[in-house]
Amino acid sequence: MISLFFSALIYASLALCVLLSYRVAKVVNLSFGSIFTLGGYLSVFSLFITPIFGAWIGLLLHIGSKRMDASKATIFSLGIAIAIEEALRILFRVENILLDSRIFYFFGYKLVFEHFLASMISATFLILFLAFELKKPFSRLKLKVIEEDIENAELYGIDAEKARAIVLVISSAFFCSIGGLYLSGRVISPTIGWLYMIFSLFIATIANVFREKAYILLLPTSFGVCWLV
Amino acid sequence: MIGKLKAGLIVGLIVFLLFCATPPQTPTPQPQMPEIKIGVLVPKTGEFSSAGLVMENAAKLAEKHAKEMGYNVKVIIYDCGDKPETTKTAFLSLVREGVTAIVGTYSSPQAMTAADTANESKVVFVASVASADLESKVKTGNKYVFRNAYNTSYWGILAIEFLEKTKAKSYYLIGYEPLKTFNLGMFSLIKNSTKAEFRGESWVKSPTVSPEDYKRVAQEVAKKDVEVIIVGDPGLGSVDFVREYRLAGGNATIYSVGGTLALPDILAKLNISGIAFQAAALEVKAKTNLTKKYFEDYRKYYGTEANNYAGILTYDAILIVTQAAARGGDLISNLERGTFIGAAGVYEFDENHQAKWGSEKLQGTIGIYREGKIQVVS
């Protein structure tokens, strides 16, 4: 049950990134899967560089797709995903890398330390976002206007492009960091991140049905989906 | 008279010199040999893409080694994905390339589709990984399909052999849903042929449906009192399962169908004792003069340990087709009657076009990782 809860926390935070990219940046960011994998490969060198590389790819995606419509931006993100995947194949050559991990005892449960850390970071990320949602009505209103119509948002003087850049940079950095931690102890291949992205996309799609309540209901949705499947 | 003698001597000298100048006959293939084009179906994308990469590497290595042996071979690799439909499309594309034969595919449904497409397009197909019931295709008149990989029975035979050698009293089966056809066939044979007590079975869902399902199964199985756990997943998930099983307190010996859990570097890094696995060949137990060459060159060119099932059998399938095609004439007759050397042993095909695994010169190997090294069980 405890590992189910930790997994649900991680998927809820990943789904939050997917949902924000879709609603604010207007892109179904298909590069998340490869960014997640990249995090795993970068963790071979250092976990601290994962958010930097993730943020850099998010910025690249923003710059490359800011003048595109939603469908073209999505295809562009797929292009980035394939480019990362191929780069990993060329740079690392080997087909199987088993990442190091440490064992950790949590109230008598044996856990992988890096997975525990990923859950704690995810919980913090979710709490911070919900605090932003609930405690800052003006910022929340700005976000809502951008979600509904970018052109309207710009008419109201909201810098939608800046919001888009922030969302893509933070969500990509987050995906890359969690990839670095959550893939610890696993055998990784250049395509492994797709599984996690698809699962997060699935949770985000269900949560999106609840419209305004989507962000708040992400964690229960994630827990429900993890428990069901 | 002297003039004639001189002329005779000169002619004789010229003939002698010409004879000396003639290059010695090379025993095998002539440089003028027509090109043998071999298509390889590899799951580069989809659920089996990690196996696809090792198959691709092995195929390129086979081409290189065949050329070194003097064969004029060209290997053409196509992505067959993880579904029967994508396999059929890739197969037909290779047919349009004018290949002599096609080898590869991964899962059973893919191999069954490739076998049917081979019959329709009249191009030989050699299944190098899947264990599907291809023999029934041959029995019903499809003479274009061969298999150098194990059939389901042989997978079961090796697992039973392991249970008997280790005198295990009980066992538990862990199936992998994307490979259900293969796992069910193997499990059924084990259940019907071993004296060890069957303690139940669980199935791990496809990671695309549930990436964490191995955790559920590992925690569930760790509570069972059992001596041997037979794992039917040759992919990356098997490593996750083993790690999670040990974390959950399980201590049974794990017998894996091989693949990722049979790679020496993975076993060494994982460093969990009591992991047994089957392999078509192991470097420590050379079967032919190609065994060592395969493992050494794979390490040299790809910087990692060679895969000893999907990789080595794809490598062998290419060499089998090359040797058969180089003999000239009808490829099917050559495959049916010939003997072919590969890295995993010496191949011959039975009347159902199945490689004779279990024969004297072609046998699988069982290894176990214990106390930091791989020991050969049989």
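Values below: all heavy atoms of this structure, side chains included; hydrogens, waters and symmetry mates excluded.
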Check: For chain B, which residues from residues 191-204 of chain A lie under 4.5 Å away (heavy-atom distances)?
Finding: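 At a heavy-atom separation under 4.5 Å, chain B is reached by A/Thr191, A/Ile192, A/Leu195, A/Tyr196, A/Ile198, A/Phe199.
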Checklist line | From CD (B/Gln219) to CD1 (A/Ile2), nearest 0.5 Å | finding: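 With rounding to 0.5 Å, CD (B/Gln219) is 10.5 Å from CD1 (A/Ile2).
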Check each atom of [X] against the heavy atoms of chain A and say whether the ones under 4.5 Å are side chain, backbone, both or neither.
| X | answer |
| --- | --- |
| B/Phe241 | neither |
| B/Thr208 | both |
| B/Lys269 | both |

Main chain of [Y], side chain of [X]: is a donor-acceptor contact present, judged purely on distance under 3.5 Å?
| X | Y | answer |
| --- | --- | --- |
| B/Tyr302 | B/Asn57 | yes |
| B/Asn308 | B/Ala280 | no |
| B/Ser238 | B/Gly235 | yes |

Notebook entry, point to check: Does a side chain donor of either B/Ser128 or B/Thr314 reach within less than 3.5 Å of an acceptor in the other side chain?
Noted result: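 Looking only at side-chain atoms, B/Thr314 and B/Ser128 do form a donor-acceptor pair, the distance falling under 3.5 Å.
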Note to self: I need the minimum non-hydrogen distance between B/Ile312 and B/Ala344, along with the two atoms involved.
What the structure shows: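 For B/Ile312 versus B/Ala344, the nearest heavy atoms are CD1-N, 4.3 Å.
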Next item on the list: Of all the heavy-atom pairs spanning B/Ala218 and B/Ala248, show the shortest one and how long it is.
Entry: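 Looks like O-CB, 4.4 Å.
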Non-hydrogen atoms of chain B under 4.5 Å away: do they reach the side chain of [X], the backbone, both or neither?
| X | result |
| --- | --- |
| A/Tyr11 | side chain |
| A/Tyr105 | neither |
| A/Ile103 | side chain |

Next item on the list: Please determine, among B/Asp240, B/Val239, B/Leu270, the option with the most heavy-atom pairs under 4.5 Å with chain A.
Entry: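 If we count pairs closer than 4.5 Å to chain A, B/Asp240 comes out on top.
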Notebook entry, point to check: Is the Lys NZ or Arg CZ of A/Arg23 less than 6.0 Å from the centre of A/Tyr215's six-membered ring, within 45° of the axis?
Noted result: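 Satisfied, under 6.0 Å and within 45°.
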Check: Tell me, do A/Phe125 and A/Leu9 make a side-chain contact under 4.5 Å, heavy atoms counted?
Finding: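 They are not in contact (no side-chain heavy atoms under 4.5 Å apart), so the answer is no.
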